[in-house]
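Structure record follows, encoded as structure tokens.
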Amino acid sequence: MAEHDVMDKLVSLGKRRGFIYQSSEIYGGTGSVWDYGPLGIELKRNVKESWWSRMVHQRDDVEGVDASILMHPRVWEASGHVEGFTDPLVECKSCKLRFREDQLASSECGRKPSMSPGEHGECDLGEARLFNLMFRTFMGPVESEGSVVYLRPETAQGSYVNFLNVQTSSRQKIPFGIAQIGKAFRNEITPGNFIFRTREFEQAEMQFFVEPGTDEEWFDRWLEERQVWHRSLGVKGENLRLHEHGSDELAHYAKKAVDIQYHFPFGWKELEGVHNRTDFDLRRHEEYSGKRLEYIDSGGGKRFVPYVVETAVGVDRTVLMLLADAYREEEVEGESRVVLGFHPRMAPVKAAVFPLVKKDGLPELAHGIVEGLRAAAVPAFYDEAGSIGRRYRRQDEAGTPWCVTVDGQTSEDGTVTIRDRDSLEQTRVESSRVLDWIRDQLEGTG
Ligand code: GAP
């Protein structure tokens, strides 16, 4: 399948099945922001819960926070974002479109689709100017320079300014981390590729504070740990790789940075960044706030400003990775089907329950199974509309791993069939054991 075909198919399936819609669609849409629908939000929540579970709940050295999006404007001066969070913007005088100079493959700009080559003429790029990616707004009723605030472009700073609060209230000792999931905003010059690069997005970031001198060792440990997590989401191993930043790519705060890249339908692209931020951020906040952000080791009597190893993944990019990795079209039993082959733990709905026919008490039995699953917090879906084949296809497209069918035999011996989305195998299970069977499968899926 051609690359653009896959993306078009994901956008169209996303809308049709309720994963992702264009924002404010009835008004013609808003550029580069997207809304998650009923299935999409479940997929996204599964990504976030998996991250939080592994990064916070399964460790004793990482604490969570949820900092505000609007912060003191000095935060962004200290962090370097006011001065340096810029991209070079160029405008083509012929078609008036704007581009990131460093992303133009050649001197050829794309012209407006409505323009013919003759109409566009020579691509005529003006001088590049630096464009700050932060969204500015005003706090309070007066729109003056004194009330300027920014929508945060990364969640990390909310963790740095709370470093001492978290350390003292949780009585953590170095090394320890602060994890956070939340929205970030960037006025990207060239957003695109569906939810890959948007102007409003969600990050899952963790700042790990370490003693200087141990930062390189912790960097390697976190880089390994983060790859383990990505693989645990069930994506194909060959679609993940590492890319270390050269000196020309390093962000202003980083001593070392390695991207975990995914092979998206439009090429290898960054999914997550692991950064050695040294003591840059804490020292700058000391300087700009006038407050000391030193760690005092009560045991050894050492005092130091910690170094930070950061892991920063985009939640929306992870969702796009899961959709792209899971999408397949195939022929089964003489019919073509579209499948989202999600890892069962990531699947928005775990089980769909169908009565084979809408009579003989089968709908009531099927409803009973759905209610039992829901009561145990297993997302389940009831469907009695259309042929059984159509109902299977609808669930294949939604990525539901198991379909439970209640049939004539159920009233006789209390068993139902469970059909596996990928192997198509049908297993007969006692209806009272459906919940345990699904739990066993979920636990056994790695
Ligand atoms: N605190 C460090 C930081 O923000 P980053 O590499 O700029 O580092 C981290 O961003 C991750 O956030 C990226 O790897 C990507 O997954 C996601 N991300 C960044 N900009 C994005 C955008 N415009 N749209 C969607 N996701 C984005």
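Indexing begins at 1, ligand by ligand and atom by atom, following the structure's order.
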### Per-residue contact class, Arg199 against ligand 1 - non-hydrogen pairs under 4.0 Å
neither
### Message
Any salt bridge linking Lys173 with Asp297? Criterion: basic side-chain nitrogen under 4.0 Å from a carboxylate oxygen.
### Response
no
### Atoms in ligand 1 flagged as close to Glu154, the criterion being non-hydrogen separation under 4.0 Å
1 (N), 2 (C), 3 (C), 4 (O)
### Query
In terms of residue, atom name and distance, what is the protein heavy atom nearest to atom 19 (C) of ligand 1?
Arg186 NH1, 3.5 Å
### Message
Tell me whether Arg391 contacts the main-chain N or O of Asp383 through its side chain, where contact means a donor paired with an acceptor under 3.5 Å.
### Response
yes
### Task
On the 0 to 90° scale, with breaks at 30° and 60°, tag the Phe209-Tyr160 ring pair as parallel, tilted or perpendicular.
perpendicular
#### Entry: Test: Arg317 cationic atom under 6.0 Å from Phe196 six-membered ring centre, within 45° of axis
yes
### Task
Going by heavy-atom distance to atom 13 (C) of ligand 1, choose the closest among His275, Lys269, Glu270.
Glu270
### Message
Within the 4.0 Å heavy-atom shell around Glu310, which atoms of ligand 1 are there?
### Response
1 (N), 2 (C)
#### Entry: Nearest neighbour in protein (non-hydrogen) for atom 15 (C) of ligand 1
Arg317 NH1, 3.4 Å
### atom 3 (C) of ligand 1: the protein heavy-atom neighbour that sits closest, reported with distance to 0.1 Å
Glu205 OE2, 3.4 Å
### Query
Is the closest heavy atom of Thr198 to ligand 1 under 4.0 Å?
yes
#### Entry: Cation over ring face, Lys44 and Tyr36, 6.0 Å, 45°
yes
### Task
List the closest protein heavy-atom neighbour of atom 11 (C) of ligand 1: residue, atom name, distance to the nearest 0.1 Å.
Ala312 O, 3.7 Å
### Top protein contact for atom 25 (C) of ligand 1, by heavy-atom distance
Phe196 O, 3.1 Å
### Query
Counting heavy atoms only, which of Gln203, Gln207, Arg152, Glu200 comes nearest to atom 10 (O) of ligand 1?
Gln203
### Presence of salt bridge, Arg337 and Glu331, under 4.0 angstrom
no
#### Entry: Per-atom contacts of ligand 1 with Glu272, taking only distances under 4.0 Å to non-hydrogen atoms
14 (O)
### Task
Flag the pair Asp396 and Arg419 as a salt bridge only when some basic side-chain nitrogen lies within less than 4.0 angstrom of an acidic carboxylate oxygen.
yes
### Query
Taking distance alone, with no angle check, do Arg197 and ligand 1 share an N/O pair under 3.5 Å?
no
### Message
Side chains of Phe185 and Met134, heavy atoms from C-beta outward: is any pair under 4.5 Å?
### Response
no
### Query
Hey, does Phe85 sit under 4.0 Å from ligand 1 if you only count heavy atoms?
no
### Protein contact to atom 17 (C) of ligand 1 [nearest heavy atom, distance to 0.1 Å]
Gly314 CA, 3.7 Å
### Summary
When distances are taken from atom 18 (N) of ligand 1, the protein heavy atom at minimum range is Phe201 CE1, 3.6 Å
### Query
With ring centroids as reference points, do Trp218 and Phe208 lie under 6.0 angstrom apart?
yes
### Query
Is it true that Arg393 and Glu335 have a side-chain N and a carboxylate O under 4.0 angstrom from each other?
yes
### Atom CZ of Arg390 with >12 non-hydrogen neighbours under 6.0 angstrom
no
#### Entry: Element-labelled atoms of ligand 1 that are located less than 4.0 Å from some non-hydrogen atom of Arg277
1 (N), 2 (C)
### Minimum-distance protein heavy atom relative to atom 16 (O) of ligand 1
Leu271 O, 2.8 Å
